[in-house]
Amino acid sequence: MTNPWTVATSATAVGLSSTRFFFTRSAILRRQPSPCYGVATMSATGEQNFSSDAAHLETIFKQKKALRSVVKRDLKSMDPTLRSQEDEAIQRIVMEAPWFKACKRLCAYISCSALREVDTTRILSHILGSHSEMQKKLFVPRVEDRNRNMRMLHISSTNDLIANSMDILEPAPVDADGNEREDVLFANEPVDLFLLPGLAFDKAGRRLGRGGGYYDTFLSRYQELAMERNWKQPLKIALCYSVQIVDEGTIPLTPNDILVDALVSPSGVIPISPAALEIHH
Ligand SMILES: Nc1nc2c(c(=O)[nH]1)N(C=O)[C@@H](CNc1ccc(C(=O)N[C@@H](CCC(=O)O)C(=O)O)cc1)CN2
Ligand SMILES: Nc1ncnc2c1ncn2[C@@H]1O[C@H](COP(=O)(O)OP(=O)(O)OP(=O)(O)O)[C@@H](O)[C@H]1O
């Protein structure tokens, strides 16, 4: 198994895969695991040069785009009954997991059914509905611009949400009392957990997003902050339908791609990173 957790860090891994483009599911899913990773070298100015360079990155972005279309098509043709069964199973697995029960602060996405995302409604109502001392603090995404800027803002009720231009629910920057919402990048305490959306995933932790770069940029900022503050790194857990798990080597990596620690599919938790293996008994 090619496991990027052991062969490269997410900050330096570059998948060097085929330079040909494929546009059918079978051909895309037949691609062999990336044989090696780009070798980073230092220029005289100290900048990192990946042996891949711009042309190679462009190839990778085309491969990502082709894979996105294939997975989107599969999601659209998914049987609605199967989909809702998988939604139930995934959410139940999350809510019963010890890492979910123990988490005190988390960032989660607000699922959009038009995008065929794994439903998070029950998880979010469970979090917002509990009024005990044990209530978890919830932060959800708000897109600020088209330049990969996304914030994670605190909400305490789903009434705090309004649809954005992409038709995804998100919080206004200010709450009903006129107070600025807490931004996770300025919070005094760490988050324990990220529940992540995406289009395709593999069992080595690779994640293919929708192409905006919002999550990779945000996760990189948050992880840097946690490192500066000596906080434990949060667990990054992606929720995925069975059809979204693809063979290793199918998802090409670029230097900015952040690997996830574990997947939750309808068949259970798939721990990937050492941190996830440690907490998964
Ligand atoms: N529920 C949810 N919230 C989220 C994200 C997400 O993926 N899911 N995001 C994660 O980044 C950010 C928003 N980014 C998004 C990026 C693209 C699209 C979207 O509708 N894409 C279309 C294709 C658009 C096009 O390229 O023509 C699609 O995927 O079909 C939506 C949200 C923040 N909030
Ligand atoms: N940390 C980052 N810093 C700068 N640019 C970034 C970063 N992360 C991603 N990008 C850029 O964002 C764009 C989209 O990247 P990519 O196609 O990998 O997005 P994605 O993984 O599908 O999206 P997301 O991260 O929102 O799930 C690319 O141009 C990529 O180089």
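Each ligand, and each atom within it, is numbered from 1 in the order the structure gives.
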Protein contact to [atom] [nearest heavy atom, distance to 0.1 Å]:
atom                    : value
atom 12 (O) of ligand 2 : Arg148 CD, 3.2 Å
atom 20 (O) of ligand 1 : Leu115 CD2, 3.5 Å
atom 14 (N) of ligand 1 : Tyr214 CD1, 3.6 Å
atom 31 (O) of ligand 2 : Asn256 ND2, 3.5 Å
atom 4 (C) of ligand 1  : Ile168 CD1, 4.0 Å
atom 27 (O) of ligand 2 : Arg207 NH2, 2.6 Å
atom 23 (O) of ligand 2 : Gly213 N, 3.1 Å
atom 15 (C) of ligand 1 : Met166 SD, 3.7 Å
atom 5 (C) of ligand 1  : Tyr215 CE1, 4.0 Å
atom 21 (O) of ligand 2 : Asp216 OD2, 2.8 Å
atom 14 (C) of ligand 2 : Gly211 O, 3.4 Å

Which pair of heavy atoms, one from [X] and one from [Y], lies closest together, and at what distance?
X      : Y      : answer
Ala262 : Val269 : CB-CG1, 4.4 Å
Leu106 : Val191 : N-CG1, 4.2 Å
Met166 : Val143 : CE-CG2, 3.9 Å
Ile162 : Ala172 : CD1-CB, 4.2 Å
Pro255 : Leu57  : CD-CD2, 4.0 Å

Among [options], which one has a heavy atom closest to [atom]?
atom                    : options                        : result
atom 7 (C) of ligand 2  : Thr254, Asn147, Thr217         : Thr217
atom 34 (N) of ligand 1 : Cys112, Pro141, Gly213, Ser113 : Pro141
atom 30 (C) of ligand 2 : Phe61, Tyr215, Tyr214, Phe218  : Phe61

Decide whether the shortest distance between a heavy atom of Arg68 and an atom of ligand 2 is less than 4.0 Å.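 It does; at least one heavy atom falls under 4.0 Å.
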Hey, does Arg221 sit under 4.0 Å from ligand 2 if you only count heavy atoms?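 Under 4.0 Å: no for Arg221.
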Can you tell me if [X] and [Y] form a side-chain donor-acceptor pair at under 3.5 Å?
X      : Y      : value
Asn149 : Tyr214 : no
Thr120 : Gln91  : no
Thr254 : Asp257 : yes
Asn188 : Arg229 : no
Thr121 : Asp119 : yes

Below the 3.5 angstrom mark, is there an N/O of [X], backbone or side chain, next to an N/O of ligand 1?
X      : value
Pro197 : no
Lys72  : yes
Arg210 : yes
Glu117 : yes

Ring geometry between Phe194 and Tyr222 (parallel below 30°, tilted from 30 to 60°, perpendicular above 60°):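 Correct class here is perpendicular.
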Is [atom] less than 4.0 angstrom from at least one protein heavy atom?
atom                    : answer
atom 27 (O) of ligand 1 : no
atom 10 (C) of ligand 1 : yes
atom 30 (O) of ligand 1 : yes

Looking at Leu199, is its backbone amide N or carbonyl O close enough to the side chain of Arg116 to form a donor-acceptor pair, meaning the two atoms are under 3.5 Å apart?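 Here the side-chain-to-backbone pair does not exist.
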Just by distance, do the side chain of Tyr241 and the backbone of Asp87 share a donor-acceptor pair under 3.5 Å?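 Flag not set: sc Tyr241 to bb Asp87 has no pair under 3.5 Å.
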I need the atoms of ligand 1 closer than 4.0 Å to a non-hydrogen atom of Val143, numbered in the order shown.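 Those qualifying, in numeric order: 12 (C), 13 (C), 33 (C).
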Which atoms of ligand 1 are found less than 4.0 Å from any heavy atom of Met150?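 Counting atoms of ligand 1 from 1, those under 4.0 Å from Met150 are 33 (C).
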Is it the side chain (CB and beyond), the backbone, both or neither of Lys64 that lies under 4.0 Å from ligand 2, heavy atoms counted?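 Looking at Lys64 and ligand 2, just side chain atoms fall under 4.0 Å.
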Side chain, backbone, both or neither: the part of Leu57 lying under 4.0 Å from ligand 2 by heavy atom: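 No part of Leu57 comes within reach of ligand 2.
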At under 4.0 Å between heavy atoms, is it the side chain or the backbone of Ile110 that contacts ligand 1, or both, or neither?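 Within the 4.0 Å criterion, Ile110 contacts ligand 1 through backbone atoms alone.
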State yes or no: do Leu208 and Phe201 share one hydrophobic cluster built from I, L, V, M, F, W and Y residues joined by side-chain heavy-atom distances below 4.5 Å, directly or via other members?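 Yes, same cluster.
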Leu124 and Met95: same hydrophobic cluster, using ILVMFWY side-chain contacts below 4.5 Å?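 Yes, Leu124 and Met95 fall within the same hydrophobic cluster.
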Cationic N near anionic O, under 4.0 Å, Lys137 to Glu189: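 A salt bridge is absent here (no side-chain N lies under 4.0 Å from a carboxylate O).
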For residues 153-170, pull every pair meeting salt bridge (charged side-chain N to carboxylate O under 4.0 Å, His left out), keeping only residues two or more places apart or in separate chains.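 Qualifying pairs, neighbours excluded: Arg142-Glu170, Asp160-Arg181.
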Near Asp257, which atoms of ligand 2 are under 4.0 Å from a heavy atom of that residue?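 Ligand 2 atoms under the 4.0 Å threshold to Asp257: 18 (O), 21 (O).
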If you measure every N or O of Leu208 against every N or O of ligand 2, does any of those distances drop under 3.5 Å?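 No, since none of the N or O atoms of Leu208 sits under 3.5 Å from an N or O of ligand 2.
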